[in-house]
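As the structure lists them, so they are numbered: ligands from 1, and atoms in each ligand from 1. Side chains included, hydrogens not; waters and symmetry mates left out as well; all remaining heavy atoms used.
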Amino acid sequence: FNKSVIGLSHLKLIEFSGFLEKRRDLEIYHKHLFLHLNTHDYFSDGLNEEFESINYKEFGDKFPESDLMWSLQNQEKTSICSSYLVKYWVDLNYIIEEGVSAIYAVTNIFESPEPMTISCSTKVCSFGNQVVEKVENEHAQYESGRYVYRFENSPMCEYMITFINKLKQLPEKNLKNNVLENFSVLQIIKNNDTKEILLTLAYVFEVSTSEHGAQHVIYRLTNT
Ligand code: G9O
């Protein structure tokens, strides 16, 4: 029974989270999750059939088209690449008290049956164009019969921190969602030795209501 369903057998996503760590001193700290996706929350037969498919054209204007097309063409040609769209409802319901330091960060965890070095490119896009890109490399760590890649507590860039702070200050949910209409994040994970694309993750956002907290829905991305 395979519970890790984002990705194919070559590489799977285990966790993606974006968070704010508030620290008053060494002893007292609090982690606020803007969003959190843990694939162990899902159950599947491993065939990736449980996610509804969505055509990339429905979201095509939100991402650099050449990147998405390249991933989807690879997906058609090879059996090692898969693409997903995740819509997040982000939780912006937090307060940063005076005298408290705030660290904004992202965690990505992947796993594979064979060891590799992988690269993870994260592109922040505005109106479908790349604004900033971060590329990180990670070697495989053997853990309980599989290889794990941990990109943990990776600090967010100034652009993202400013964006989140400005978004939070907007007075109404509708205004926040209007801004988020033109904001997206694209992650492309490659085998660093062969340069083959293994996984493409396209993220779009709305704000959640305070009662519901962070939520998400996952789709398989196709070009058919
Ligand atoms: C709209 C609010 C989103 C809150 C969390 C977003 C998490 C995903 C952002 C990842 C971008 C990190 C890229 C980066 O810092 N590059 O330098």
Taking [Y]'s backbone N and O only, do any of them form a donor-acceptor pair with [X]'s side chain (distance below 3.5 Å, no angle check)?
| X | Y | result |
| --- | --- | --- |
| N223 | N55 | no |
| T200 | S71 | no |
| K12 | E111 | no |
| T39 | L13 | yes |
| K176 | L170 | yes |

Who's closest to [atom] heavy-atom-wise, of [options]?
| atom | options | answer |
| --- | --- | --- |
| atom 4 (C) of ligand 1 | F34, Y159, Y104 | F34 |
| atom 13 (C) of ligand 1 | V179, T122, L180, L186 | T122 |
| atom 11 (C) of ligand 1 | V90, V124, V204, V132 | V124 |

Sub-3.5 Å N/O-N/O distance, C157 and ligand 1 =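 N/O-N/O distance under 3.5 Å: yes.
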query = Which bit of L167 is near ligand 1, meaning a heavy atom under 4.0 Å away: side chain, backbone, both or neither?
reply =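 The side chain, only.
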ask   = Charged N to carboxylate O below 4.0 Å: is that the case for E97 and K22?
value =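 Looking at E97 and K22, the cut-off is met.
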key: Cation over ring face, K62 and Y56, 6.0 Å, 45°   =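 So K62 doesn't make the cation-pi contact.
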message = Can you name the atoms of ligand 1, numbered from 1 with element, that are less than 4.0 Å from a heavy atom of V106?
response =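 Here the atoms of ligand 1 in question are 10 (C).
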task = Give the atoms of ligand 1, by number and element, whose distance to some non-hydrogen atom of K134 is under 4.0 Å.
result =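 In order of numbering, the contacting atoms are 15 (O), 16 (N), 17 (O).
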inquiry  = Just to confirm my output: which protein heavy-atom neighbour is closest to atom 8 (C) of ligand 1, and how far is it?
reply    =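 Of the protein heavy atoms, F16 CZ, 3.9 Å lies nearest.
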ask   = How close does the nearest protein non-hydrogen atom get to atom 9 (C) of ligand 1, and which residue and atom is it?
value =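 Nearest neighbour among protein heavy atoms for atom 9 (C) of ligand 1, to 0.1 Å: M160 CE, 3.9 Å.
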